[in-house]
Amino acid sequence: MLPQEVVMPIRPFITCLLALLLGACASTPEPAPPQSAPPTTVAEPELPAHLRELRGRLLTPPADSEVELALLVVDERNRPRQLLGSLQLRGNGQALPFRLAFNPETFPAQGRVELRARVSQAGRLILRLPPQHILQAQNRTLGDLLLEGAP
């Protein structure tokens with residue numbers, strides 16, 4: 001058995017320990033962590049304020065095809081004179097969304113501007129987009145654009 005003077009200092013310690021345990025059990029439970037929000041679609045990068053864009057979808061370039069979009073100033077004989085913006089994409093066999101950015105300061109006041117596209121596969125032109133006339137240098141959604149067979 002332990003001597004009486006050694007046992008006495010342990011009693012206040014045990015009492016304090018029991019009080020702490022009871023206090024911990026009586027405290028309010030922590031709130032459950034917030035549930036994560038449902039996954040959202042990938043946010044598109046913001047367009048710089050000085051640029052404008054044309055948006056739409058090309059219907060439907062074949063899988064593994066090369067798609068070239070160009071915003072062009074064309075002359076009276078339908079020949080390209082100036083490139084305002086371009087984009088290269090890869091066809092996936094489904095509707096292909098695009099965002100073609102351009103600088104509105106380069107948009108001519110008195111010229112004809114067209115959006116054109118061509119689709120190649122194995123180095124051979126297979127589809128094209130009939131020229132889409134763009135009248136103003138502003139953001140525009142063109143919707144679904146149908147590709148046609150190339151001559």
Side-chain angles (χ1 to χ4, degrees), residues 12-151:
F13 176 71
I14 292 176
T15 306
C16 190
L17 182 64
L18 286 174
L20 285 173
L21 285 173
L22 284 173
C25 292
S27 67
T28 59
E30 289 184 26
Q35 294 181 354
S36 61
T40 59
T41 58
V42 176
E44 295 177 347
E46 285 293 318
L47 185 69
H50 70 283
L51 296 179
R52 302 295 177 264
E53 71 180 358
L54 300 175
R55 290 179 174 219
R57 293 186 334 159
L58 296 174
L59 302 177
T60 53
D64 296 323
S65 61
E66 297 169 8
V67 179
E68 297 175 80
L69 283 136
L71 186 61
L72 301 165
V73 178
V74 295
D75 65 13
E76 62 280 345
R77 297 168 83 185
N78 290 327
R79 293 180 301 191
R81 289 293 172 209
Q82 182 182 359
L83 178 66
L84 301 177
S86 66
L87 185 61
Q88 293 187 347
L89 303 168
R90 177 75 88 194
N92 58 8
Q94 300 176 3
L96 186 63
F98 67 87
R99 289 178 64 188
L100 178 61
F102 65 95
N103 186 343
E105 293 175 5
T106 61
F107 204 90
Q110 298 300 322
R112 195 169 86 206
V113 177
E114 294 178 349
L115 174 67
R116 296 183 181 182
R118 61 185 179 189
V119 180
S120 304
Q121 197 165 37
R124 196 176 125 241
L125 181 64
I126 58 172
L127 297 169
R128 70 179 191 88
L129 176 68
Q132 305 292 309
H133 297 286
I134 308 299
L135 302 174
Q136 297 176 343
Q138 61 187 13
N139 291 331
R140 184 170 168 200
T141 300
L142 301 171
D144 292 339
L145 301 174
L146 189 59
L147 296 167
E148 60 184 29

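Just so it is clear, the values below take in all heavy atoms, side chains as well, and ignore hydrogens, waters and symmetry mates.
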Minimum heavy-atom distance between Gly85 and Leu100, given as atom pair plus value: C-CD1, 3.8 Å
Side chain to side chain, Arg140 and Ile134, heavy atoms closer than 4.5 Å: yes
Side-chain (Gln132) to main-chain (Pro130) donor-acceptor, under 3.5 angstrom: yes
Heavy-atom closest contact (Val74 atom, Pro80 atom, distance): CG1-CA, 4.1 Å
Taking every non-hydrogen atom, the tightest pair across Ala101 and Leu51: CB-CD1, 4.3 Å
Donor-acceptor under 3.5 Å (Gln121 side chain, Ala63 main chain): yes
Beyond-backbone contact of Leu129 with Arg116, side-chain heavy atoms, under 4.5 angstrom: no
Stepwise side-chain contact (heavy atoms from CB on, under 4.5 Å) check, Leu125 with Val119: CA-CA 6 Å; Leu125 181 64; Val119 180; 5.8 Å; no
Interatomic distance, Phe102 atom CZ to Leu87 atom CG [nearest 0.5 angstrom]: 13.0 Å
Salt bridge (Lys or Arg N to Asp or Glu O under 4.0 Å): pairs with one or both residues in residues 119-131, sequence neighbours excluded: Arg128-Glu148
Closest heavy-atom pair and its distance - Leu69, Ala117: CD2-CB, 3.9 Å
Student check: side-chain heavy atoms of Pro61 and Leu147 closer than 4.5 Å: yes
Residue pair Leu142 / Leu115, side-chain heavy-atom distance below 4.5 Å: yes
Side chain proximity check, Leu127 to Pro62, heavy atoms < 4.5 angstrom: yes
Asn103 CG to Arg52 CZ distance, which is reported to the nearest 0.5 Å: 8.5 Å
Spacing of Glu66 atom CD and Leu89 atom CG [to the nearest 0.5 Å]: 11.0 Å
Partners passing side-chain contact (heavy atoms from CB on, under 4.5 Å) against Arg81 (at least two apart in sequence or in another chain): Asp75, Arg79
Close side-chain approach of Leu145 to Leu59, heavy-atom, < 4.5 Å: no
Heavy-atom check, side chain of Leu71 versus side chain of Leu54, under 4.5 Å: yes
Stepwise side-chain contact (heavy atoms from CB on, under 4.5 Å) test for Val73 and Leu84: CA-CA 7 Å; Val73 178; Leu84 301 177; 3.8 Å; yes
Considering all heavy atoms, the nearest Thr60-Ala95 contact: CG2-N, 3.6 Å
Sub-4.5 Å side-chain heavy-atom contact between Asn139 and Glu53: yes
Nearest heavy atoms of Arg57 and Pro97, plus distance in Å: CG-CA, 3.9 Å
Separation of Phe107 CZ from Gln82 CD (nearest 0.5 Å): 10.5 Å
